[in-house]
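If you read the sequence from its start, that first residue is 1, and numbering goes on from there. Quick note: numbers below take in every heavy atom, side chains included, and nothing from hydrogens, waters or symmetry partners.
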Amino acid sequence: MISIGTSYVFSPAMLATWAACCMAFGVSISLFGVDQGWINFVGGNKPNKSELLSQDSEDEDTLSVDEEYAAITARLMSTEAAKECLENTQEWKRLPYFWNTRDKSYESAFIPSTLHAPDKMSVEPVVFLNRDRQQFVFIIHIGKRLCGHDGIVHGGVQATLFDEVTARPAFWNLPRNVALTASLKVNYRRPVVADQILVFKSQLSKLEGRKATVTAQLEDLNGNLLSDAEALYVSPGNEKLFPDNSSRIKAFEDTYPGSF
């Protein structure tokens, strides 16, 4: 036994255990210090996280936001649906999807302020109007962040887009070019996989005074029917609350070159 002063007595085994604990504690503190950057490696500094991320990004073939936007738009324009419309300029004319982006209401509108974002409705949809002004084609990319079930586009998102695409024939044909949704019924035929290009087609099916019935279909690029809808729109009688839209519609049609 080894006596220290008059109070404590340690055996060699106890001293060996105490020394081992001290060494383990010291090693733990040293490793924690290295991890936190308080202690440097001999012969050089430990690379920080930003340097590692920078190195990783250099190794990956990434696109900027603008480049990705342009690439997805090019994919929309290269679909068979777009080509058919572009090649038949006597029957189809391209339109913008969004109304006047300089209008003060643009920033508060649901689609541009909420859905139009990376990994959602990633780019502005490509839209074509038929010369009869009763049929529309919409080519849309839906990203990964608009799902209900994992990897499947949320049914509410589909309903929202059906409300958008069925409104166009109503706006173009109702009195004063004003339309409000009265009812919308959606039939979900198949699960819609996210992160793909989709094609909506809408057409006026009935026009009675201030009421318009519009039908629409959602298809994938192989022409498979994924869902369809029927909507009823009314043109309100309150002209002060909902002013005439005809000049706005005309300007909208004149955005892109070409005419019927």
Side-chain angles (χ1 to χ4, degrees), residues 56-103 106-107 109-131 133 135-147 151-154 157-158 160-169 172 190-203 216-227 251-260:
D56 290 342
S57 65
E58 291 174 358
D59 294 338
E60 297 177 357
D61 184 18
T62 58
L63 296 176
S64 69
V65 174
D66 289 342
E67 289 172 334
E68 183 176 7
Y69 196 101
I72 295 175
T73 300
R75 287 171 56 199
L76 300 186
M77 295 296 289
S78 66
T79 59
E80 288 302 316
K83 289 179 181 178
E84 289 177 7
C85 293
L86 290 169
E87 291 170 359
N88 191 357
T89 55
Q90 296 301 311
E91 291 295 324
W92 295 95
K93 174 179 171 52
R94 188 179 176 189
L95 297 180
Y97 179 82
F98 295 119
W99 299 97
N100 188 353
T101 57
R102 295 184 296 274
D103 191 282
Y106 175 80
E107 293 183 0
F110 176 65
I111 298 295
S113 66
T114 305
L115 290 188
H116 183 44
D119 286 332
K120 295 182 180 180
M121 194 171 76
S122 309
V123 302
E124 180 176 359
V126 172
V127 184
F128 294 96
L129 165 70
N130 189 269
R131 67 176 298 119
R133 291 178 171 78
Q135 303 175 69
F136 284 77
V137 173
F138 302 79
I139 306 167
I140 299 176
H141 178 264
I142 297 297
K144 304 174 182 177
R145 299 181 62 190
L146 292 176
C147 298
I152 304 299
V153 177
H154 195 290
V157 173
Q158 293 184 58
T160 298
L161 293 175
F162 270 122
D163 187 42
E164 285 283 298
V165 304
T166 55
R168 299 303 169 91
W172 257 253
R190 300 184 183 186
V192 180
V193 177
D195 196 21
Q196 68 167 318
I197 295 173
L198 301 167
V199 179
F200 283 88
K201 298 176 181 178
S202 61
Q203 49 281 322
Q217 303 78 39
L218 170 60
E219 301 174 353
D220 62 20
L221 292 184
N222 293 320
N224 296 311
L225 179 64
L226 305 177
S227 52
F252 205 63
E253 287 194 16
D254 291 340
T255 303
Y256 288 106
S259 58
F260 296 125

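When each of W172, F200, F128 is tested with F136 by the rule ring-ring contact (aromatic ring centres under 6.0 Å, His included), just one qualifies, namely W172. For the side chain to side chain contact (heavy atoms under 4.5 Å, CB included) criterion with F138, the lone passing option out of L161, V127, L218, L95 is V127. Exactly one of L76, L198, L221 qualifies for a side chain to side chain contact (heavy atoms under 4.5 Å, CB included) with I139. That residue is L76.
Under the 4.5 Å side-chain criterion, counting only non-hydrogen atoms from C-beta, V193 is not in contact with V153. E164 places a side-chain heavy atom less than 4.5 Å from the side chain of I111. The shortest distance between side-chain heavy atoms of L129 and W92 does not fall below 4.5 Å. Here the side chains of H154 and C147 are not in contact, with every heavy-atom distance at 4.5 Å or above. S227 is listed as a side-chain neighbour of F162, based on a closest heavy-atom distance under 4.5 Å.
Taken from CD in Q196 to NZ in K144, the straight-line distance is 13.0 Å, to the nearest 0.5 Å. To the nearest 0.5 Å, atom CD of residue E84 and atom CD of residue E91 are 12.5 Å apart. Taking NZ of K201 as the start and CG of N130 as the end, the distance is 12.0 Å to the nearest 0.5 Å. In this structure, OG in S122 is found 7.5 Å from CD1 in I142, a value given to the nearest 0.5 Å. Taken from CD in Q203 to OG1 in T166, the straight-line distance is 10.5 Å, to the nearest 0.5 Å. Atoms NE2 and CE, from H141 and M121 in turn, are 12.0 Å apart once rounded to the nearest 0.5 Å.
Pairing each heavy atom of I152 with each of P191, the nearest pair is CD1-CB, 4.0 Å.
Without hydrogens or angle criteria, R94 side chain to V126 main chain gives no donor-acceptor distance under 3.5 Å. Using modelled atom types, no side-chain atom of R168 and backbone atom of S202 make a donor-acceptor pair closer than 3.5 Å. Although no hydrogens or angles enter the test, the distance criterion places a donor-acceptor pair under 3.5 Å between the side chain of D220 and the main chain of N222.
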Please step through side chain to side chain donor-acceptor pair (under 3.5 Å) for the pair E124 and Y69, ending with a clear verdict. CA-CA 9 Å; E124 180 176 359; Y69 196 101; 4.8 Å; no
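Not counting sequence neighbours, the partners of H116 by the ring-ring contact (aromatic ring centres under 6.0 Å, His included) test are F98. Listed by chain and number, the residues in a side-chain contact (heavy atoms from CB on, under 4.5 Å) with K120 are A117, R145, L146 (sequence neighbours excluded).
The pair E253-K93 fails the salt-bridge criterion, with no side-chain N (NZ, NE, NH1 or NH2) lying under 4.0 Å from an Asp/Glu carboxylate O.
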